[in-house]
J.: 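I have a structure I would like to understand better, so I am pasting it below and will then ask my questions one at a time.
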Number of protein chains: 2
Amino acid sequence: MESLLRYFDMLCLIPKAPNSISTPEILEKLQNMRYAVDLRTVQRDLVKLSASPLFPIANTENTKPLRWFWIDNSSPMQLPMMSTDEALTFKLAEMFLEPLLPPSVRGRLTGYFDLADKRLKESKFEHWIEKVGVVPNNLPLLPAEIEPSVLAVVYEALLKSLRFKATYQAVNKSPKTYEINPLGLVFRHNSIYLVATIFDYTDVKQLALHRFKDAELSDRIVLVPTDFVLNDYIAQGSFSYPVDNHLEEITLKLKVNVFLKQMLLETPLCAKQKISDIDEKHYLLEAIVTNTKQLNWWLRSFGTGIEVLEPLELRQAFALEVKALSKMYC
Amino acid sequence: MESLLRYFDMLCLIPKAPNSISTPEILEKLQNMRYAVDLRTVQRDLVKLSASPLFPIANTENTKPLRWFWIDNSSPMQLPMMSTDEALTFKLAEMFLEPLLPPSVRGRLTGYFDLADKRLKESKFEHWIEKVGVVPNNLPLLPAEIEPSVLAVVYEALLKSLRFKATYQAVNKSPKTYEINPLGLVFRHNSIYLVATIFDYTDVKQLALHRFKDAELSDRIVLVPTDFVLNDYIAQGSFSYPVDNHLEEITLKLKVNVFLKQMLLETPLCAKQKISDIDEKHYLLEAIVTNTKQLNWWLRSFGTGIEVLEPLELRQAFALEVKALSKMYC
DNA sequence: ATAAAAACGTCCAATTTTGTCGCATTGATG
DNA sequence: CATCAATGCGACAAAATTGGACGTTTTTAT
């Protein structure tokens, strides 16, 4: 029994394919875990384990402190097994994320999605896929593909707080190589942006990950500008959206049609929204929300389905815009 | 070694907490897997395994064929370990899904998100959270909460093709109990709808999951109406959106501003889109897309940022709508 | 060239595992 | 109510495995 646990811990110590760990390192770590074992034992155990198809581990046969790793990046096995509930939820999440995340990011999770697939199949629930659908409420734009090796370096750089050297091709410009000082990742639309400074300059830039041609980790540590906090940086509106300078809570009053009334009953704008009748076909909606660009987009997207009544400034802004639109289309 | 594998397979056979498996059942399944073992051995093994804190399994002490299960729904352990890459991607997915999925659905995955958390913490990468942000491009409506027990029954009913009895409260009506004949789940906006028939009627209904008060699995098998295919049903537009009757591919020509030009360069409307200059501040975008309601919403949401040039019918529709809006706001 | 480290083969005692048996308990059945 | 079958559990001994010890070989570093 003792040995079972040791096997387990040993398997946990072994990293996945690109990485590896040497036999003496495993020995040392096991001894730190209070296992009184011999190097010989570790060697024997590893050979035994790798012999089983259940544990696809292998070693580098050429180097002399043998280095061990998990071979293929197939779906991980787990205890307890993934339940069918979880499996189904995974597949739903996958459908949801498909149009949102770039393939290389989603690719990091394929192991789990495959595991879910397997689970659903072996449970004879193969028809689940015909029983689930997603109706997107936004236009499916094509997410830009990111070079997987770039993503790997960026992840590592961010996690380890290291800089990296990379070739970046800005729009309509020729590629250039910079030393990037990464500060954070921001997802926006269907793209991922790296918030970073370049070389030793202090101005914060946004670099689209899909525009990096290659990347290589450096060993220089990241320098964070004083007072830089990613969330503040986003909230400030420095981030790509033309966000309003001062976000204020407003009491929104809208005249909406039946369709919107139904929708808002199910997914309210805020916890305390009120809906009352105006006439047979129109309803008054009152809600307290923050006045963001997203709100404006949302309001506009329904066209004549929504009439903004209050706040007055917003109504006037809409009136102005409608005038501009009239000129466009007449 | 043989025994290690047996332990492993045994642990795989044991389900999570609400479910359970009896010792003789385990024995039978093991024997099917060509393990020549005695019942006594299985009993002993289970006791041994449950003694270790690594394997939180327990049995029902009162029943006589003892039934075994995994105790707490804590994060699963897995081999090989979750890599930091995967962990980070999980956390990103979590941030993404947070405003989209109802809590009880997302709750099914917390085990994995927690595992990711743990992984990032033990790797001393605790600051990752300060390095990642999501800027949503749609208005965060509040996802309606679904009673977890209802979700469980619906999942099970769908997977096993069984009906269930449930109390449903339609908008502005008092709750009623029906026998539901589930056909499929559809995510739309931030709500989940069950596509189903009721009792033995044949008309297909859409029932919002969050309006179910309770649910209980029946043992009557699901009856699928002839020719019913969920995806067709959605595509038909029977689904709640007022979708256009015949979806056609159109060649869209838009006059867009700088902001949109940038955005569309990064996340194109279609693979073959073209962007050319009109004047200093405006650009011509050409793309072939399907004419959906989502497209119309998207086009409208940018207000004066987009002028629809072609197809002419679409332009005229926009012109008409602008006229209607003019009346509203003047 | 030399020493140190690692891998690997082998032997054997200590330990663990496992089948068997006996007995107690429980639940179903006649 | 008695009986039987199924299960759990303790004990024991045989069988199997494990793991340390030691020696040899190979590789790496100095």
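Because the structure is predicted, anything quoted here is derived from the model rather than measured. In what follows, every chain begins at residue 1, and chains take the letters A, B, ... in the order their sequences are listed.
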J.: How far apart are the closest heavy atoms of A:P225 and A:T197, and which atoms are they?
T.: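 Nearest heavy atoms, A:P225 then A:T197: CG-CG2, 4.3 Å.
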J.: First and last nucleotide of DNA chain D touching chain A, 5' to 3', heavy-atom cut-off 4.0 Å?
T.: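 That gives a stretch of D:dT18 to D:dT28.
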J.: Go nucleotide by nucleotide along DNA chain D from the 5' end; which of A:S3 and B:W68 gets its closest nucleotide reached first?
T.: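 The residue mapped nearer the 5' terminus is B:W68.
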J.: Would you confirm whether the ring centroid of B:Y7 sits within less than 6.0 angstrom of the ring centroid of A:Y7?
T.: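 Aromatic pair excluded; centres sit 6.0 Å or further apart.
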J.: Taking only residues two or more places apart in sequence, or in another chain, which ones meet B:D38 in a side chain to side chain contact (heavy atoms under 4.5 Å, CB included)?
T.: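 With sequence neighbours excluded, B:D38 shows a side chain to side chain contact (heavy atoms under 4.5 Å, CB included) to B:R40, B:T41, given in chain and number order.
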J.: Would A:R67 and A:E25 count as a salt bridge (Lys or Arg N to Asp or Glu O under 4.0 Å) if you check the C-alpha gap in whole Å, the side-chain angles of each, and the deciding distance to 0.1 Å?
T.: CA-CA 9 Å; A:R67 304 193 65 85; A:E25 280 173 314; 3.6 Å; yes
J.: How is A:R67 classified with respect to the nucleic acid when contacts are heavy atoms under 4.0 Å: base, sugar-phosphate, or nothing?
T.: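 No contact.
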J.: If a pair satisfies ring pair (Phe, Tyr, Trp, His ring centres under 6.0 Å) and one of its residues is in residues 10-35 of chain A, list it, with sequence neighbours excluded.
T.: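 Pairs touching residues 10-35 of chain A that pass the test: none.
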J.: Can you sort out the partners of A:K118 under side chain to side chain contact (heavy atoms under 4.5 Å, CB included), two or more places apart, ordered by chain and number?
T.: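 A:K118 satisfies side chain to side chain contact (heavy atoms under 4.5 Å, CB included) with A:S75 once adjacent residues are dropped.
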J.: What residues, two or more places apart in sequence or in another chain, satisfy salt bridge (Lys or Arg N to Asp or Glu O under 4.0 Å) together with A:K205?
T.: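 Here the qualifying residues are A:D203.
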J.: Which value, rounded to the nearest 0.5 Å, describes the distance between B:K48 atom NZ and B:F55 atom CZ?
T.: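 Reported value, rounded in 0.5 Å steps: 12.0 Å.
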J.: Pull out every residue in residues 22-32 of chain A that has a heavy atom closer than 4.0 Å to any atom of DNA chain C, ordered by number, or say none.
T.: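 A:T23, A:P24 - these, ordered by number, are the residues of the stretch whose heavy atoms sit under 4.0 Å from the strand.
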J.: Any heavy-atom pair between the side chains of A:Y155 and B:T84 that's under 4.5 Å?
T.: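 No - every pair of side-chain heavy atoms lies 4.5 Å or more apart.
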J.: Got a salt bridge between A:R163 and A:E179, using NZ or NE/NH1/NH2 to carboxylate O under 4.0 Å?
T.: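 Here A:R163 pairs with A:E179 in a salt bridge, since their nearest N and O are under 4.0 Å apart.
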J.: Nearest heavy atom decides the nucleotide; on that basis, is A:Y7 or A:P65 closer to the 5' end of DNA chain D?
T.: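 Nearest-nucleotide comparison on DNA chain D picks A:Y7.
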J.: Go through the structure and list residues passing side chain to side chain contact (heavy atoms under 4.5 Å, CB included) with A:Q78, not counting sequence neighbours.
T.: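 Scan of A:Q78 (side chain to side chain contact (heavy atoms under 4.5 Å, CB included), adjacent residues dropped) gives A:M82, A:L115, B:P76, B:Q78, B:Y112.
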J.: Could you label the plane-to-plane angle of the A:F8 and B:F8 rings as parallel, tilted or perpendicular, counting under 30° as parallel and over 60° as perpendicular?
T.: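 Taking B:F8 first and then A:F8, their aromatic rings lie parallel (interplane angle under 30°).
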J.: Kindly say whether A:I198 contributes a backbone atom to a donor-acceptor pair with the side chain of A:N181 at under 3.5 angstrom?
T.: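 No; zero donor-acceptor contacts below 3.5 Å.
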J.: Can you tell me how far OG of B:S104 sits from CG of B:L151, rounded to the nearest 0.5 angstrom?
T.: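 With rounding to 0.5 Å, CG (B:L151) is 5.0 Å from OG (B:S104).
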J.: Please report the shortest heavy-atom distance between B:A116 and B:K91, naming the atom on each side.
T.: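 Of all heavy-atom pairs spanning B:A116 and B:K91, the closest is CB-CD, 4.0 Å.
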J.: Please work out which residues in residues 34-59 of chain B have a non-hydrogen atom less than 4.0 Å from an atom of DNA chain C and list them by number.
T.: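 DNA chain C contact set from residues 34-59 of chain B: B:A36, B:V37, B:D38, B:R40, B:T41, B:R44, B:D45, B:K48.
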J.: Under the rule for side chain to side chain contact (heavy atoms under 4.5 Å, CB included), what residues qualify as partners of A:T23, not counting sequence neighbours?
T.: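 Once residues adjacent in sequence are excluded, the partners of A:T23 under the side chain to side chain contact (heavy atoms under 4.5 Å, CB included) criterion are A:L39, A:V42, A:Q43, A:L46, A:L66, A:W68.
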J.: Please round to 10 degrees the angle between the axis of the first five pairs and the axis of the last five pairs in the helix from C:dA1-D:dT30 to C:dG30-D:dC1.
T.: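 That helix gives 40° between its end axes.
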J.: Which atoms of nucleotides 23-27 of chain C (N or O only) lie under 3.5 Å from a protein N or O atom, and what are those distances?
T.:
none

J.: Using a 4.5 Å cut-off on heavy atoms from C-beta on, say whether the side chain of B:S52 contacts that of A:L5.
T.: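 Contact flag for A:L5/B:S52 side chains = yes.
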J.: Please work out which residues in residues 10-21 of chain B have a non-hydrogen atom less than 4.0 Å from an atom of DNA chain D and list them by number.
T.: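 Heavy-atom contacts with DNA chain D come from no residue of residues 10-21 of chain B; none.
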J.: Salt bridge check: are A:R119 and A:E86 linked by an N-O gap of less than 4.0 Å?
T.: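 No.
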